[in-house]
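Input: a single structure, listed below in structure tokens.
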Amino acid sequence: MAQPSEREITAALASVSLPDGSRDLMSSGIVSGLVVKDGHVQFALDIAPEHADRMEPVRRAAERAAQAVPGVLSVTAVLSAHRATPASEPAQAQAAPELLPQVGAIVAVASGKGGVGKSTTAANLALSFRALGLRTAMLDADIYGPSLPTMMGISGRPSSPDGRTIIPLEAHGITCMSIGFLVPADTAMIWRGPMVMGALEQMMRDVQWGPQDILVVDMPPGTGDVQLTMAQRVPVAGAVLVSTPQDLALIDVRKGLDMFRKVDVPVLGLIENMSYFLCPACGERSEIFTHGGARTAAGEAGIDFLGEIPLDMAIREAADSGQPVVARDGSGAHAAAYRSIAERIWQKVGGGASLPDAPRITFE
Ligand code: ADP
């Protein structure tokens, strides 16, 4: 079948009317970031946050209209309240509906740059929280490079029986949500800023997270809009920074530190990943990079050093096969290392006293 063109999609969207009935959606000028690629269609509707309820039916109508164009395989339309909040008007952000009301502690796992094992660490920490008896959820906020589906071994699509809210998927006892469940991995890469913000907001607002003791958020690498949105929209209990020992990565970590400080998100500490190499053949430990750089950097920056995880083939194989090492070998040395880090994090976000077998904690 022929691939749908952008013109066909805009023509379809022009047939959608607005709540006041007077204009078509295209000429209203609120459609932004339209991407039509290989039959996949994505766009955002830029609206004022207070119009979210009124515009939700328009968003759905727009999705249906685009879906009806021959050759369209998938449509993702998001409401995007991306108007910058002036620094002098913090009240606007507070007036928006509360997100994630049933979630206890929100912990962001961040890194200065990509490829340092941030997602692997996030997944193994989530599994460790679960092993500690906590109700645990994971949000993949890495919209441009979602790795949660692969890492947790999830291939299904979440359902939406009411057409409004999404039922998240579950793997290894963790409630999971990722944009990778909804769009093919390569299409999210080309989204523009407002769509990313809209998608993130919807994953927090429209997903039935249920009551959770802790939500582990796998942040995108670096310091961008997603980090700011998270900090402004939800009460992040703290951020955990993941770094490899190389100095270069550590410079990026310092940038991350500064950013979280600026937005008043407490930095819970630093984890050194791929810290040293444990030879699988002889068991010898080699310090490939200057091991301990993260500990020094943490000390210099006045933040806690939470622990180190070795560079080990078993961790990579497990992460890439959908069964993180903590799930695969819960009583092994790696699981113990992640567990002790998880315990320290949980202590810091206020739940330390009630581990492990205590009655469930409920957050009001
Ligand atoms: P990021 O989220 O920082 O981009 P990932 O978690 O996706 O990084 O990890 C990048 C690659 O490194 C993956 O293939 C992962 O399996 C591997 N990896 C992560 N941590 C370790 C580790 N401690 N030992 C071995 N491989 C690791």
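All values derive from a computational prediction rather than experimental measurement. All ligand and atom numbering here is 1-based and tracks the order in the structure.
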**OP:** Could you tell me whether the side chains of Arg328 and Ser321 share a donor-acceptor contact shorter than 3.5 Å?
**Re:** yes
Subject >> Short N or O distance, Asp320 and ligand 1, threshold 3.5 Å exclusive >> reply: yes
Original post:
Between the side chains of Gln212 and Thr136, is a donor N or O closer than 3.5 angstrom to an acceptor N or O?
Top reply: no
Original post:
Taking both backbone and side-chain atoms of Ser119, is any N or O found less than 3.5 Å from an N or O belonging to ligand 1?
Top reply: yes
Original post:
Would Asp320 and Arg316 count as a salt bridge (Lys or Arg N to Asp or Glu O under 4.0 Å) if you check the C-alpha gap in whole Å, the side-chain angles of each, and the deciding distance to 0.1 Å?
Top reply: CA-CA 6 Å; Asp320 297 346; Arg316 193 199 63 71; 2.7 Å; yes
Original post:
Side chains of Asp312 and His334: is there a donor and an acceptor less than 3.5 Å apart?
Top reply: yes
**OP:** Decide whether an N or O pair under 3.5 Å exists between Gly114 and ligand 1.
**Re:** no
Original post:
N/O of Met313 under 3.5 Å from N/O of ligand 1, yes or no?
Top reply: no
**OP:** Can you pull out the closest protein heavy atom to atom 4 (O) of ligand 1? Residue, atom name and distance to 0.1 Å, please.
**Re:** Gly115 N, 2.8 Å
**OP:** Heavy atoms only: give me the nearest Val217-Ala141 pair and the separation to one decimal.
**Re:** CG1-CB, 3.7 Å
Subject >> Residue Leu311 vicinity, atoms of ligand 1 by number, heavy atom under 4.0 Å >> reply: 24 (N), 25 (C)
Original post:
Taking non-hydrogen atoms only, is Asn273 closer than 4.0 angstrom to ligand 1 via side chain, backbone, both or neither?
Top reply: side chain
Original post:
Does ligand 1 have an atom that lies less than 4.0 angstrom from a heavy atom of Pro310?
Top reply: yes
Original post:
Under 4.0 Å from any heavy atom of Lys118, which atoms of ligand 1 are there?
Top reply: 1 (P), 2 (O), 3 (O), 6 (O), 8 (O)
Original post:
Quick check: does Gly117 get an N/O under 3.5 Å from an N/O on ligand 1?
Top reply: yes
Subject >> CA sep, side-chain torsions, deciding dist, call: Val226, Met197, side-chain contact (heavy atoms from CB on, under 4.5 Å) >> reply: CA-CA 7 Å; Val226 167; Met197 295 312 114; 3.8 Å; yes
**OP:** Identify the protein heavy atom lying closest to atom 27 (C) of ligand 1, giving its residue, its atom name and the separation to 0.1 Å.
**Re:** Met274 CE, 4.0 Å
Original post:
Is Ala122 touching ligand 1 with its side chain, its backbone, both, or neither, if touching means heavy atoms under 4.0 Å apart?
Top reply: neither
Original post:
Which is it for Arg233 and Glu201 under the salt bridge (Lys or Arg N to Asp or Glu O under 4.0 Å) test, yes or no, and what are the steps along the way?
Top reply: CA-CA 8 Å; Arg233 290 292 284 123; Glu201 175 119 3; 2.7 Å; yes
Subject >> Full working for salt bridge (Lys or Arg N to Asp or Glu O under 4.0 Å) between Arg164 and Asp206 >> reply: CA-CA 7 Å; Arg164 266 186 72 90; Asp206 299 340; 5.7 Å; no
Original post:
Which heavy-atom pair separates Asn273 from Val242 by the least distance, and what is that distance?
Top reply: CB-CG1, 3.9 Å
Original post:
Contact between Ser147 and ligand 1, counting heavy atoms under 4.0 Å?
Top reply: no
Original post:
ligand 1 versus Asp312, non-hydrogen atoms closer than 4.0 Å: side chain, backbone, both, neither?
Top reply: backbone
**OP:** Give yes or no for whether the N/O distance cutoff of 3.5 Å, strictly under, is met between Ala319 and ligand 1.
**Re:** no
Original post:
Quick one: which ligand 1 atoms are inside 4.0 Å of a heavy atom on Arg316?
Top reply: 14 (O), 15 (C), 16 (O), 17 (C), 25 (C), 26 (N)
Original post:
Can you tell me if Ser159 uses its side chain to pair, donor with acceptor, with the backbone of Pro161 under 3.5 Å?
Top reply: no
Subject >> Contact check: Thr120 vs ligand 1, nitrogen or oxygen atoms, below 3.5 angstrom >> reply: yes
**OP:** Establish, from distance only, whether the side-chain atoms of Ser27 and Asp24 form a donor-acceptor pair under 3.5 Å.
**Re:** yes
Original post:
Under 4.0 Å from atom 11 (C) of ligand 1, do we find at least one protein heavy atom?
Top reply: no
